[in-house]
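What follows is one structure encoded as structure tokens, with my remarks underneath.
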Amino acid sequence: MNDNARFATRAIHAGQQPDPATGAIMTPVYQTATYAQPSPGKFIGEFDYSRSANPTRTALEANLASLEGGRHGLCFGSGCAAMDCVLHQLSPGDHIILCDDVYGGTNRLFHRVYDRHGIKISLVDLTDHDAAAAAFRPETRLMWLETPTNPMLKVIDIAAMAELCRAKGAWLAVDNTFATPVLQAPLSLGADIVCHSSTKYIGGHSDVVGGALLTNDDAIHEKLKFVQNSVGAVPGPMDCFLLLRSTKTIHVRVDRHCQNAGKLAEHLVEHPKFPRVVYPGLDSHPQHAVAKKQMCGFGGMITAEMDGGLDDARRFLERLKIFTIAESLGGVESLIESPAIMTHASVPADQRAKLGITDGLVRFSVGIEDIDDLIGDIEQALG
Ligand SMILES: *Cc1c(COP(=O)(O)O)cnc(C)c1O
């Protein structure tokens, strides 16, 4: 594979070649903790201990870096462990600008773990450029955002935020979990770090928990790698193998997720039970223009409000037969959940109310089943 290979080719080949020892087409699961040294301090390859590096993980790190258009990749035991590695770069007194609508676990990590260590956090609606610009302080070191956000699917202009951060000397980290590298390339828009929960679309089959950080900046990479090795929240080789298998189909899967979600969003908009449907691909989405500019598809997530509140939402969810009630997202199978009592239950009630995370809100992770069966399932559950 040459360096100019396009996305689909890189998804299948980047970071991997047939095993030089056996010709095995798939990168082996190097289930080993340590590596023989012919003489003290001399290594056969680049490996000495599997917390520091493992060949299956190295292949995955190179593969994910390539998909994000980055020079460097680091993998972690979960998306939260990846975020934690970035937050470990800060010191007491440092200030973070955090987008106001984030994954519940992100909110918990920032507010319940790191603010005890003297990190100051401002929650800001980063779709509002003036509010974003006004949030910087002399001690601001990091802006952290998701786009589209979870669960309200707000779309934040990455290039505009990167420009603000560059002017103020702060890092911009973008959680690209919802968009995936298929649809959005934050590093090319000026982000310093891309973060993933590879549990979601990168894994795509709801069978692995994992995380990753990608960057083009050599100095940032060295700092992150130091913490990755020092803290040790690394994934095992079997999980890395499963993720390498998954990325080979990510472009095909995400394409179908987008098609199905687009059709379902249009169907829900017509339905009187759903007075509010949020999907970045709809003309009615407040940041539809930004989504069109920075994404090449609108993703597989839809958020909608049911008119009967929590009771109606609960009844609807319980009656679904193909959609499964579950946390998480991004797998081939369709999932549905109630953010107020599931994924975002750890977000304080007043913040939930401010963001519009009402009791009647439901979040669809639209899978890649037949779309007519998915729509039929929703109709029978409402009927
Ligand atoms: C799930 C998720 C995370 C956390 O990842 P884990 O793999 O569950 O630790 C972070 N960000 C987003 C957007 C997520 O959906």
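Residue numbers run from 1 in the order of the sequence given. Counting starts at 1 for both ligands and their atoms, following the listed order. Computation of the quantities below employed the complete heavy-atom set of this structure, encompassing side-chain atoms and omitting hydrogens, waters and symmetry-equivalent molecules. Everything numeric here is computed off the predicted structure, so don't read it as measured data.
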Under 3.5 Å side-chain donor-acceptor pair for E369 and S334: yes

If you measure only the distance, is there a donor-acceptor pair under 3.5 Å linking the side chains of D175 and T177? yes

Number the atoms of ligand 1 from 1 as they appear, then name those within less than 4.0 Å of a heavy atom of S78, with their elements. 7 (O), 9 (O)

Between M301, K200, E146, which one has a non-hydrogen atom sitting closest to atom 1 (C) of ligand 1? K200

With only distance considered, is V209 within less than 3.5 Å of ligand 1 through an N or O on each side? no

Contact atoms of ligand 1, heavy-atom distance to G210 under 4.0 Å: 7 (O)

Partner of V86 by side chain to side chain contact (heavy atoms under 4.5 Å, CB included), out of L213, V227, I96: L213

Return the orientation label for the H72 and H221 ring planes: parallel under 30°, perpendicular over 60°, tilted otherwise. parallel

Examine the side chains of T324 and E333 and answer whether a donor and an acceptor come within less than 3.5 Å of each other. no

Under 4.0 Å to a heavy atom of G79 - the qualifying atoms of ligand 1, by number: 5 (O), 6 (P), 7 (O), 9 (O)

Name the closest protein heavy atom to atom 9 (O) of ligand 1, giving the residue it belongs to and the distance to 0.1 Å. C80 N, 2.8 Å

Nearest non-hydrogen contact with atom 8 (O) of ligand 1 belongs to which option: Y201, F178, Y103? Y103

Under 6.0 Å from the ring centre and within 45 degrees of the ring axis: does the NZ or CZ of K120 meet both conditions for the six-membered ring of Y114? no

I'd like to check which ligand 1 atoms, numbered from 1 as shown, lie under 4.0 Å from a non-hydrogen atom of D175. 10 (C), 11 (N), 12 (C), 13 (C)

